[in-house]
Amino acid sequence: DEKHLADAVASGLGREGFVVDVAGDGITGQWLGAQNPYDVIVLDIMLPGRNGYDVLAGLRRDGVWAPVLMLTAKDGDLDQVDMVGKFRQPPNRAEQAHAMLDAALAARNLVGERGGQFGKVAFYGHSQGGGASASAAESASEYAPELDVAGTYSSAPPADLNAVQRHIDGSDLTGAIGFTINGLVDRYPDLETDLAANLSPAGYDALDELSTMCTDEINDAYGGRTTAEWTLSGQKLDELLDEIPAGRAAMEEQRLGERAPEAPSMIVAGPHDPTVDYQQSKDLAGLWCSAGANVVYRDDFMPPIGDYNHF
């Protein structure tokens with residue numbers, strides 16, 4: 001939305017041989033994105049007329065799947081430069097909390113810039129999104145104390161990645177464990193050497209292939225297999241990580257329940273969930289409750305329905 005910066009970016013891309021269209025507001029940008037088969041879209045977050053998050057959501061609803069590079073001057077973990085629409089390793093506990101809180105702060109700033117009065121905010125998420133909303137609840141008072149958090153809803157949150165990995169190892173989501181491992185190596189480079197010394201050739205190949213795959217692709221490639229195939233010792237990856245100090249520390253840093261949210265929270269978990277381990281989600285509610293938080297816990301009442309209970 002700053003013309004001189006937009007012109008500088010367009011000029012630089014033009015010198016590299018790209019043909020560039022520039023829009024100074026979100027409404028025009030979304031229209032251009034829907035009308036033209038762009039190879040890539042560079043999208044500011046704080047745009048007049050319609051913010052970048054809403055523009056991206058609108059483009060995806062319209063079936064536009066060009067890669068999008070989100071840019072902003074904000075200094076959050078995931079906000080400086082973030083690829084959307086291409087594969088990303090799952091964020092860690094702190095990053096997903098900050099991403100959700102930064103989105104709320106951006107909305108608050110937008111309302112304030114337009115002279116409005118921003119009210120309370122609530123966080124909601126399911127599965128990995130449930131982990132993000134729970135992480136945001138735990139971190140809100142420290143990371144974003146200016147937010148007035150009304151409450152948080154988290155369903156099937158992966159509060160304990162070790163338990164979740166054990167639960168899906170050998171299922172149709174075995175490949176998702178590769179997402180976790182690749183994400184950990186990306187965030188904790190010291191882990192790579194110890195892990196590499198224990199991987200089998202099949203493990204190297206699997207992690208490399210999974211680094212460019214999305215969730216809807218992993219079932220055919222890795223469904224029903226176990227991560228014991230990926231290690232020299234025949235151990236599953238959760239067992240191997242527990243024996244590697246850097247791996248154990250990295251997994252522990254992802255654990256939810258170390259601090260209690262200040263706002264009221266609700267957690268829902270399914271006894272028949274084939275994807276996210278039920279007990280570890282329920283345990284999170286117990287940990288928060290024991291720490292004095294205002295927590296409502298509910299079992300998902302659905303009976304077993306094929307492979308659909310997670311959804």
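Both backbone and side-chain heavy atoms feed into the values below; hydrogens, waters and symmetry mates do not.
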Return the CG to CD distance between D160 and Q165, rounded to the nearest 0.5 Å. 9.5 Å

State, with a plain yes or no, whether a side-chain heavy atom of Y278 is found less than 4.5 Å away from one of P271. yes

CD (E146) with more than 12 external heavy atoms under 6.0 Å: yes

Please report the C-alpha distance between L195 and L240 in whole Å, then the side-chain angles of each, then the deciding distance to 0.1 Å, and finally whether the side-chain contact (heavy atoms from CB on, under 4.5 Å) criterion is met. CA-CA 8 Å; L195 189 62; L240 177 61; 4.0 Å; yes

Q30 vs D62 side-chain heavy atoms within contact, under 4.5 Å: yes

Looking only at atom types and distance, does a side-chain atom of N198 sit under 3.5 Å from a main-chain N or O of D194, one as donor and one as acceptor? yes

Any idea which heavy atoms bring R225 and A221 closest together, and the distance? NH1-O, 3.1 Å

Hey, mind stepping through H98 and S139 against side chain to side chain donor-acceptor pair (under 3.5 Å) and telling me if it holds? CA-CA 8 Å; H98 295 173; S139 302; 5.2 Å; no

Is the shortest side-chain heavy-atom distance between Q128 and Q96 below 4.5 Å? yes

I need the K282 NZ to R298 CZ distance, nearest 0.5 Å. 12.0 Å

First locate atom CD1 of I27, then atom CG of L32, and finally report the distance between them rounded to the nearest 0.5 Å. 12.0 Å

Between V149 and M266, is there shared hydrophobic-cluster membership here, with clusters defined by ILVMFWY side-chain heavy atoms closer than 4.5 Å? no

Say you draw a straight line from CG of L237 to CG of N162; how long is it, rounded to the nearest 0.5 Å? 11.0 Å

Within the 3.5 Å criterion, strictly below it, is a donor on Y222 or D172 matched to an acceptor on the partner's side chain? no

Looking at OH of Y188 and CE of M251, how far apart are the two atoms once the value is rounded to the nearest 0.5 Å? 10.5 Å

Within one Ile-Leu-Val-Met-Phe-Trp-Tyr cluster: I218 and V185, side-chain cutoff 4.5 Å: yes

Consider only side-chain N and O atoms of S154 and S133, and report whether a donor and an acceptor are under 3.5 Å apart. yes

Backbone N or O of L47 within a donor-acceptor pair of the D44 side chain at under 3.5 Å? no

So, for L207 and G178, which heavy atoms are closest and what is the spacing to 0.1 Å? CD2-CA, 3.7 Å

Do Y297 and D299 have a side chain donor and acceptor closer than 3.5 Å? yes

Of all heavy-atom pairs between W288 and S265, which one has the smallest distance, and what is that distance? CZ3-CB, 3.7 Å

Under 4.5 Å between side-chain heavy atoms, hopping through other hydrophobics if needed: is there a path connecting M46 to V68? yes

Before you tell me yes or no, could you show the steps for L147 and L101 under side-chain contact (heavy atoms from CB on, under 4.5 Å), namely the whole-Å CA-CA distance, both residues' side-chain angles and the distance that decides it to 0.1 Å? CA-CA 9 Å; L147 292 176; L101 292 164; 4.0 Å; yes

L43 vs L69, side-chain contact (heavy atoms from CB on, under 4.5 Å): CA-CA, chis, key distance, verdict: CA-CA 6 Å; L43 184 59; L69 179 66; over 6 Å; no

Within one Ile-Leu-Val-Met-Phe-Trp-Tyr cluster: V55 and Y38, side-chain cutoff 4.5 Å: yes

Does a donor on one side chain and an acceptor on the other come within less than 3.5 Å for D169 and T226? no

Shortest non-hydrogen contact between G129 and M100, atoms and distance: O-CE, 4.4 Å

Test side chain to side chain donor-acceptor pair (under 3.5 Å) on S211 and N182; report intermediate values, then the result. CA-CA 7 Å; S211 70; N182 284 332; 5.1 Å; no

Could you measure the distance from the CG atom of D238 to the CD1 atom of I181? Nearest 0.5 Å is fine. 9.0 Å

Run the side chain to side chain donor-acceptor pair (under 3.5 Å) test on D283 and Q279 for me, step by step, so that the C-alpha distance in whole Å, both residues' side-chain angles and the decisive distance to 0.1 Å come before the verdict. CA-CA 6 Å; D283 288 345; Q279 189 61 48; 2.8 Å; yes

Quick one: does V276's side chain get under 4.5 Å of H167's, heavy atoms only? no

Can a donor-acceptor pair be found, under 3.5 Å and without considering hydrogens, that links the side chain of H126 to the backbone of H310? yes

Check: R93 and L256 side chains under 4.5 Å, non-hydrogen atoms: yes

Any donor-acceptor pair under 3.5 Å linking the side chain of E16 with the backbone of L13? no

Is R187 salt-bridged to E95, going by a charged N under 4.0 Å from an acidic O? yes

Looking at S200 and T231, what are the two nearest heavy atoms and their distance? OG-N, 3.7 Å

Has E262 got more than 12 heavy atoms of other residues, nucleotides or ligands less than 6.0 Å from its CD? no

Could you check whether any side-chain heavy atom of E239 comes within less than 4.5 Å of a side-chain heavy atom of R166, counting everything from C-beta outward? no

Residue pair T180, Q254: steps toward the side-chain contact (heavy atoms from CB on, under 4.5 Å) verdict: CA-CA 11 Å; T180 299; Q254 314 317 313; over 6 Å; no

Could you check whether any side-chain heavy atom of Y153 comes within less than 4.5 Å of a side-chain heavy atom of I267, counting everything from C-beta outward? no

Quick check: do L284 and P157 have side-chain heavy atoms less than 4.5 Å from each other? yes

Do R255 and E252 meet the salt-bridge criterion of a basic N to acidic O distance under 4.0 Å? yes

I need the minimum non-hydrogen distance between F118 and A104, along with the two atoms involved. CZ-O, 4.1 Å

Could you state whether V9 and V20 fall into the same hydrophobic cluster, counting links through intermediate Ile, Leu, Val, Met, Phe, Trp or Tyr residues with side-chain heavy atoms under 4.5 angstrom apart? yes

Decide, yes or no, whether a salt bridge links E142 with R259 under the criterion of side-chain N to carboxylate O below 4.0 Å. yes

Counting only heavy atoms not in Y204, do more than 12 sit closer than 6.0 Å to its OH atom? yes

Partner residues of E192 under the salt bridge (Lys or Arg N to Asp or Glu O under 4.0 Å) criterion, sequence neighbours left out: none

